[in-house]
Amino acid sequence: MSDSENAGEAKSSFDRMRVDGDTIAYHQLAGRPPGIVFLGGFRSDMTGTKAVFLEALARRRGQAFLRFDHFGHGRSSGRFEDATISRWAQDSIRVLDRLTEGPQLLIGSSMGGWLMLLAARARPARIHALIGIAPAPDFTSDLMWPRFSDEQRAAVMRDGILHLPSQYGDPAPITRALIEDGKRNNLLDASIDVTCPVRLLHGMQDPDVPWQHSLRLVEALRSPDVRLTLVKDGDHRLSRDDDLALLARTVADLSD
């Protein structure tokens, strides 16, 4: 299932939610609880393989489903350079508040795993369970910043922005505001006040978020019901057929 094959199918049914003059683009299915909300990753949009796969899975299962584009991503408004972790987290909470009802199963991929945790901490009564796919809480300070050269660190602090080469497309504009705001949202240095069931899926060949990062998350979560599944040959995206089958089983296990 490729992104391009499914993107056109959903275009006509995208909708928008207004937030302080900006818009958040989303696509939603009605269905039974628990609803599923997918939170995409850094510079990803809601037409990606996992988002579209989960929508098809929810439709087969009769579950409510919601996918959306973060501020500065995809069809949502705003410039990526103007975004921060706080802004993306606030929008994720607004989406949860305004577009969903009843208990929700949040599924966060990479950066979406960080936003998922921030949303769950803010709205604990609304959260049925969490699934993190290569979750990347604290990635700006713990993963990104240590990989910068001295010259790159100096440039982002001096100029306010650094265009970082990316294997996934055009260079990523990394701002000083993103780095500094990320520190204010860090979670892994203290107990994370999330007590619902949590499932983490992580590829051991992930070049972006090492699988040991998920071990730190397991230790930090207060929930006693946390399970980490490692995929020995899995990459960062976990979008192969076998990976998606594992995700589907995990959704079924938590939903039924």
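The structure displayed is predicted, hence computed values, not measured ones.
A salt bridge does not link Arg176 with Asp181: none of the charged nitrogens is closer than 4.0 Å to a carboxylate oxygen. Ion pair Asp189/Arg216 flagged as a salt bridge, since at least one NZ, NE, NH1 or NH2 atom sits closer than 4.0 Å to an Asp/Glu carboxylate oxygen. Salt bridge status for Arg123 with Asp97: present, with a side-chain N to carboxylate O gap under 4.0 Å.
Asp256 pairs by the salt bridge (charged side-chain N to carboxylate O under 4.0 Å, His left out) definition with Arg32, Arg61, not counting sequence neighbours.
Under a 3.5 Å cut-off, the side chain of Arg153 and the backbone N or O of Phe148 do form a donor-acceptor pair. With Asp235 contributing its side chain and Gln205 its backbone, the two residues share no donor-acceptor pair below 3.5 Å. Between the side chain of Ser223 and the backbone N or O of Val226, no donor-acceptor pair lies under 3.5 Å. The backbone N or O of Gln104 lies less than 3.5 Å from no partner atom in the side chain of His128, so there is not a single donor-acceptor pair. In this structure, Asp69 contributes its side chain and Arg75 its backbone to a donor-acceptor pair below 3.5 Å. In this structure, the side chain of Asp206 engages the main chain of Val209 through a donor-acceptor pair within 3.5 Å. Using modelled atom types, no side-chain atom of His213 and backbone atom of Trp211 make a donor-acceptor pair closer than 3.5 Å. Side-chain atoms of Ser166 never come within 3.5 Å of backbone atoms of Ala172 as a donor-acceptor pair (strictly under, hydrogens ignored). Judged purely by atom type and a 3.5 angstrom limit, Ser76 has no side-chain atom pairing as donor or acceptor with the backbone of Gly72. Under a 3.5 Å cut-off, the side chain of His70 and the backbone N or O of Gly40 do form a donor-acceptor pair.
Residues Tyr26 and Ile93 fall into different hydrophobic clusters, defined by Ile, Leu, Val, Met, Phe, Trp and Tyr side chains chained together at heavy-atom separations under 4.5 Å. Transitive grouping of hydrophobic side chains (ILVMFWY, heavy atoms separated by less than 4.5 Å) keeps Ile161 and Leu164 in distinct clusters.
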Self-check item: Trace of the side chain to side chain contact (heavy atoms under 4.5 Å, CB included) decision for Arg227 with Asp253
Solution: CA-CA 12 Å; Arg227 301 177 192 173; Asp253 177 62; 4.2 Å; yes
Exercise. Applying salt bridge (Lys or Arg N to Asp or Glu O under 4.0 Å), run through Asp91 and Arg87 and close with a yes or a no.
Key: CA-CA 6 Å; Asp91 286 348; Arg87 173 61 194 260; 3.0 Å; yes
Quiz prompt | side chain to side chain contact (heavy atoms under 4.5 Å, CB included) between Leu29 and Arg59, intermediate numbers included | solution = CA-CA 8 Å; Leu29 293 178; Arg59 183 181 289 110; 3.7 Å; yes
Exercise. I would like to know whether Met157 and Glu180 meet side chain to side chain contact (heavy atoms under 4.5 Å, CB included); could you show each step before the answer?
Key: CA-CA 10 Å; Met157 298 305 291; Glu180 293 179 341; 3.8 Å; yes
Practice problem: Verify side chain to side chain contact (heavy atoms under 4.5 Å, CB included) between Arg67 and Val52, making sure each step is shown before the conclusion. | Solution: CA-CA 9 Å; Arg67 54 185 166 114; Val52 175; 4.1 Å; yes
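A distance below 6.0 Å separates the ring centres of Phe139 and Phe42. Annotation: Phe68 is not in aromatic contact with Trp88 [ring centroid separation under 6.0 Å not met].
More than 12 heavy atoms of other residues, nucleotides or ligands shown are found within 6.0 angstrom of CZ on Arg147. Under a cut-off of 6.0 angstrom, the local environment of CD in Glu101 is sparse, with at most 12 non-hydrogen atoms contributed by other residues, nucleotides or ligands. The environment of CG in Asp159 is crowded: more than 12 heavy-atom neighbours from other residues, nucleotides or ligands sit within 6.0 Å.
Pairing each heavy atom of Ala51 with each of Phe65, the nearest pair is O-CZ, 3.6 Å.
There is no side-chain donor-acceptor pair under 3.5 Å between Ser109 and Arg237. For the residue pair Ser110 / Asp208, no side-chain donor-acceptor distance below 3.5 Å is found, with atom types taken as modelled.
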Expected list for residues 192-199: side-chain donor-acceptor pairs under 3.5 angstrom, two or more places apart:
{"residue": "Asp193", "atom": "OD1", "partner": "Arg222", "partner atom": "NH1", "Å": "2.4"}
{"residue": "Arg199", "atom": "NH1", "partner": "Asp225", "partner atom": "O", "Å": "3.3"}
{"residue": "Arg199", "atom": "NH1", "partner": "Asp225", "partner atom": "OD1", "Å": "3.0"}
{"residue": "Arg199", "atom": "NH2", "partner": "Asp225", "partner atom": "OD1", "Å": "3.2"}

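Note that CH2 of Trp145 and CD1 of Ile179 are 6.0 Å apart. Values are rounded to the nearest 0.5 Å. How far CE of Met111 is from CG of Leu115: 5.0 Å, rounded to the nearest 0.5 Å. In this structure, CG on Asp241 lies 12.5 Å from CG on Leu246, to the nearest 0.5 angstrom. For the atom pair CZ (Phe71) and OG1 (Thr84), the distance works out to 9.0 Å, reported to the nearest 0.5 Å. Here the straight-line distance linking atom CG of Leu96 with atom CG of Leu106 works out to 6.0 Å at 0.5 Å rounding. Distance check, rounded to the nearest 0.5 Å: CG of Leu254 to CD1 of Ile36 gives 10.0 Å.
Of the residues listed (Thr229, Asp243, Leu230), the one engaging Leu201 in a side-chain contact (heavy atoms from CB on, under 4.5 Å) is Thr229, and it is the only one. When each of Val37, Leu39, Ile133 is checked for a side-chain contact (heavy atoms from CB on, under 4.5 Å) with Ile107, only Ile133 meets the rule.
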